[in-house]
Amino acid sequence: MRPARPVAYSRVQIALHWLVAALVLEQYASSGAILRSHTYHRLGWRPSASDLLLHSLHNRAGLAIIGLMLARLALRLWIGAPAPMVAVGSLAARLAQGVHFAFYAVLIAEGVTGAVASYFWWPMSAVHVILFDLLLALVTIHVAAALWGQFVRKDAALRRIAIWAPSSRL
Ligand code: HEM
Ligand code: HEM
């Protein structure tokens, strides 16, 4: 039987939320090194050691993001999430849930397309690039909604996902 809806995000959910957000920032920062090392390679020059290191970091951290998102999805389906800050069933609540689930789909697909492009079929990189634009659009809506909640509605959304949020559960 599915347990009752939790009153707060669990510690693990909060930790994973901020770990993945930090890794997405790192993925963006390390992606320039991939483009540079591929260009150097094409020109017959040797890519710099730091670019090769960042390239390898991008691939490994990207694969880790797939695993972390699958773990988050399992947790979300298993223990759920607290009720939305806006009325259940309202357009805003459905939009927030849609954006949250789109994050799972887009981030997992982003990792898979990156891996397919790198190890099996290069043309997939075009999808990888487009998906990142989609991810940026989702992050923009998500952060705007969080700031709107914090400063206009003055609700507790940001507080309940904060690292120091009161949560006794795993
Ligand atoms: C899941 C998280 C990931 C994110 C957020 C991400 C993000 C990015 C970004 C922002 C770019 C630059 C796109 C552009 O040129 O505009 C990029 C390029 C690239 N990424 Fe990822 N990436 C992820 C996972 C991976 C994985 C797992 C791999 C490989 C194992 C990978 C391989 C690549 C490659 C080969 C490129 C160059 C594509 C090209 O030159 O067209 N990425 N990625
Ligand atoms: C790439 C970056 C991010 C991703 C992928 C992401 C993803 C998510 C997801 C999927 C949830 C739903 C909870 C869950 O299923 O774990 C969530 C909740 C939340 N996120 Fe983010 N997030 C990101 C960055 C941020 C940032 C930068 C902020 C703050 C400015 C933020 C604020 C929030 C808030 C306030 C909630 C709780 C919403 C609620 O349930 O009422 N997120 N995030």
Side-chain angles (χ1 to χ4, degrees), residues 5-39 41-42 54-86 92-93 95-151 153 155-163 165:
R5 191 162 208 166
V7 291
Y9 285 109
S10 73
R11 286 192 202 293
V12 176
Q13 281 175 308
I14 293 171
L16 287 174
H17 175 271
W18 293 111
L19 176 61
V20 170
L23 283 175
V24 167
L25 200 64
E26 168 280 313
Q27 288 300 90
Y28 175 70
S30 60
S31 64
I34 301 190
L35 306 181
R36 274 194 306 278
S37 40
H38 286 181
T39 309
H41 186 69
R42 234 174 280 128
L54 287 172
H55 190 325
S56 161
L57 174 70
H58 186 93
N59 288 19
R60 281 153 207 251
L63 293 176
I65 289 176
I66 304 179
L68 293 172
M69 289 311 286
L70 287 173
R72 275 177 81 173
L73 189 59
L75 264 182
R76 173 92 190 225
L77 296 175
W78 179 38
I79 58 177
M85 285 289 161
V86 285
L95 204 69
Q97 198 181 36
V99 168
H100 291 170
F101 279 102
F103 269 135
Y104 290 101
V106 170
L107 270 173
I108 291 168
E110 179 72 338
V112 171
T113 53
V116 170
S118 295
Y119 307 125
F120 304 108
W121 191 58
W122 178 250
M124 189 58 94
S125 63
V127 181
H128 191 63
V129 172
I130 293 169
L131 280 176
F132 190 73
D133 291 339
L134 192 57
L135 182 64
L136 280 187
L138 291 174
V139 171
T140 307
I141 298 170
H142 185 64
V143 171
L147 296 178
W148 177 66
Q150 178 73 14
F151 296 110
R153 279 176 48 85
D155 63 25
L158 207 48
R159 235 173 305 140
R160 70 182 184 175
I161 198 84
I163 308 246

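Whatever order the structure lists them in is the order used to number ligands and atoms, beginning at 1. Just so it is clear, the model here is predicted, and its values are computed rather than measured.
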Q) Going from CD1 on I79 to OG on S10, what distance comes out if it is rounded to the nearest 0.5 angstrom? A) 4.0 Å
(Q) Rounded at 0.5 Å granularity, tell me how far CG in L16 sits from CG in L73. (A) 12.0 Å
Q) Do you know how many protein N, O or S atoms are within a distance smaller than 2.8 Å of atom 21 (Fe) of ligand 2? A) 2
Q | Heavy-atom closest pair, residues Q27 and H58 | A | NE2-O, 3.0 Å
Q: Compute the centroid of each ring, for H17 and then for Y9, and state whether the two points are separated by less than 6.0 Å.
A: no
Q) What atoms of ligand 1 come closer than 4.0 angstrom to any heavy atom of S125? A) 38 (C), 41 (O)
Q. Which pair of heavy atoms, one from P84 and one from R5, lies closest together, and at what distance?
A. CD-NH2, 3.9 Å
Q: For residues H55 and A33, report the shortest heavy-atom separation together with the two atoms involved.
A: N-CB, 4.4 Å
Q | atom 23 (C) of ligand 1: nearest protein contact (heavy atom, Å) | A | Q27 NE2, 3.2 Å
Q | Close-contact set for ligand 1 against F132 heavy atoms, below 4.0 Å | A | 5 (C), 7 (C), 10 (C)
Q: Could you check if a side-chain atom of R72 sits within less than 4.5 angstrom of a side-chain atom of F103, using non-hydrogen atoms only?
A: no
Q: Give the residue and atom name of whichever protein heavy atom lies nearest to atom 4 (C) of ligand 1, and the separation in Å to one decimal.
A: E110 CG, 3.5 Å
Q: Could you grab the distance from atom CD of E110 to atom CD1 of I130, nearest 0.5 Å is fine?
A: 10.5 Å
(Q) If the contact criterion is a heavy-atom separation under 4.0 Å, does A115 count as touching ligand 1? (A) yes
Q) With a cut-off of 6.0 Å (strictly less than), are more than 12 heavy atoms of other residues, nucleotides or ligands near OH of Y28? A) no
Q: Identify, for atom 37 (C) of ligand 1, the protein heavy atom at the shortest distance, and state residue, atom and that distance.
A: I34 CG2, 3.6 Å
Q: Specify the protein heavy atom at minimum distance from atom 9 (C) of ligand 2: its residue, its atom name, and the distance to 0.1 Å.
A: R72 NH2, 3.4 Å
Q. Taking both backbone and side-chain atoms of Y28, is any N or O found less than 3.5 Å from an N or O belonging to ligand 1?
A. no
Q: Considering heavy atoms of the protein only, find what lies nearest to atom 35 (C) of ligand 2 and give residue, atom and distance to 0.1 Å.
A: A157 O, 3.4 Å
(Q) Among all the protein's non-hydrogen atoms, which is closest to atom 16 (O) of ligand 1, and how far away is it? (A) V129 CG1, 3.7 Å
(Q) Looking at ligand 1, is there an atom of it that comes within less than 4.0 Å of some heavy atom belonging to L63? (A) yes
(Q) Under 4.0 Å from a heavy atom of L35: which atoms of ligand 1 are those, numbered in the order shown and with their elements? (A) 15 (O), 39 (C), 40 (O)
Q.
Could you identify the single nearest non-hydrogen protein atom to atom 15 (O) of ligand 2 and state the distance to 0.1 Å?
A. Y104 OH, 2.4 Å
Q | Point-to-point distance, once rounded to the nearest 0.5 Å, from CG of L158 to CG of L147 | A | 7.5 Å
Q | Pairwise distance NE2(H128) to CH2(W122) - rounded to 0.5 angstrom | A | 8.5 Å
**Q.** For atom 38 (C) of ligand 1, closest protein heavy-atom neighbour
**A.** W122 CH2, 3.7 Å
Q.
Could you check whether any side-chain heavy atom of L63 comes within less than 4.5 Å of a side-chain heavy atom of N59, counting everything from C-beta outward?
A. no
Q.
If the cut-off is 4.0 Å to any non-hydrogen atom of L158, which atoms of ligand 2 fall inside it?
A. 29 (C), 35 (C)
**Q.** For atom 13 (C) of ligand 2, the option (of R159, R76, Q13) bearing the nearest heavy atom
**A.** R76
(Q) Residue-level breakdown please: for I66 versus ligand 1, do any non-hydrogen atoms fall below 4.0 Å on the side chain, on the backbone, on both, or on neither? (A) neither
Q: Consider every N or O of H128 and every N or O of ligand 1, then say whether any pair is closer than 3.5 Å.
A: yes
Q. Please state which protein non-hydrogen atom is closest to atom 2 (C) of ligand 1 and give its distance, to 0.1 Å?
A. I65 CD1, 3.7 Å
Q) Closest non-hydrogen protein atom to atom 11 (C) of ligand 1, residue and atom name please, with distance? A) S31 CB, 3.3 Å
Q. At under 4.0 Å between heavy atoms, which part of W18 makes contact with ligand 2: side chain, backbone, both or neither?
A. side chain
Q: Starting at OG1 of T39, measure out to NE2 of H41 and round the result to the nearest 0.5 Å.
A: 11.0 Å
**Q.** Identity and distance of the protein heavy atom lying nearest atom 8 (C) of ligand 1
**A.** H58 CE1, 3.3 Å
(Q) Can you name the atoms of ligand 1, numbered from 1 with element, that are less than 4.0 Å from a heavy atom of Y119? (A) 30 (C)
Q: Measure N59 to ligand 1 on non-hydrogen atoms and call it side chain, backbone, both or neither using the 4.0 Å cut-off.
A: both
**Q.** Nearest non-hydrogen protein atom, atom 39 (C) of ligand 2
**A.** R160 NH2, 3.2 Å
Q) CD of Q97: more than 12 outside heavy atoms within 6.0 angstrom? A) no
Q) Any side-chain heavy atom of L23 sitting closer than 4.5 Å to one from L68? A) yes
Q) Of all heavy-atom pairs between R76 and Q13, which one has the smallest distance, and what is that distance? A) CA-NE2, 4.1 Å
**Q.** Heavy-atom pair of closest approach, residues I161 and I14
**A.** O-CG2, 3.2 Å
Q: For ligand 2, note which part of L107 has a heavy atom under 4.0 Å away: side chain, backbone, both or neither.
A: side chain
Q: Could you find the nearest protein heavy atom to atom 40 (O) of ligand 2 and give me its residue, atom name and distance?
A: Y9 OH, 2.3 Å
Q | Shortest non-hydrogen separation from R159 to D155 and the atoms involved | A | NH2-O, 3.7 Å
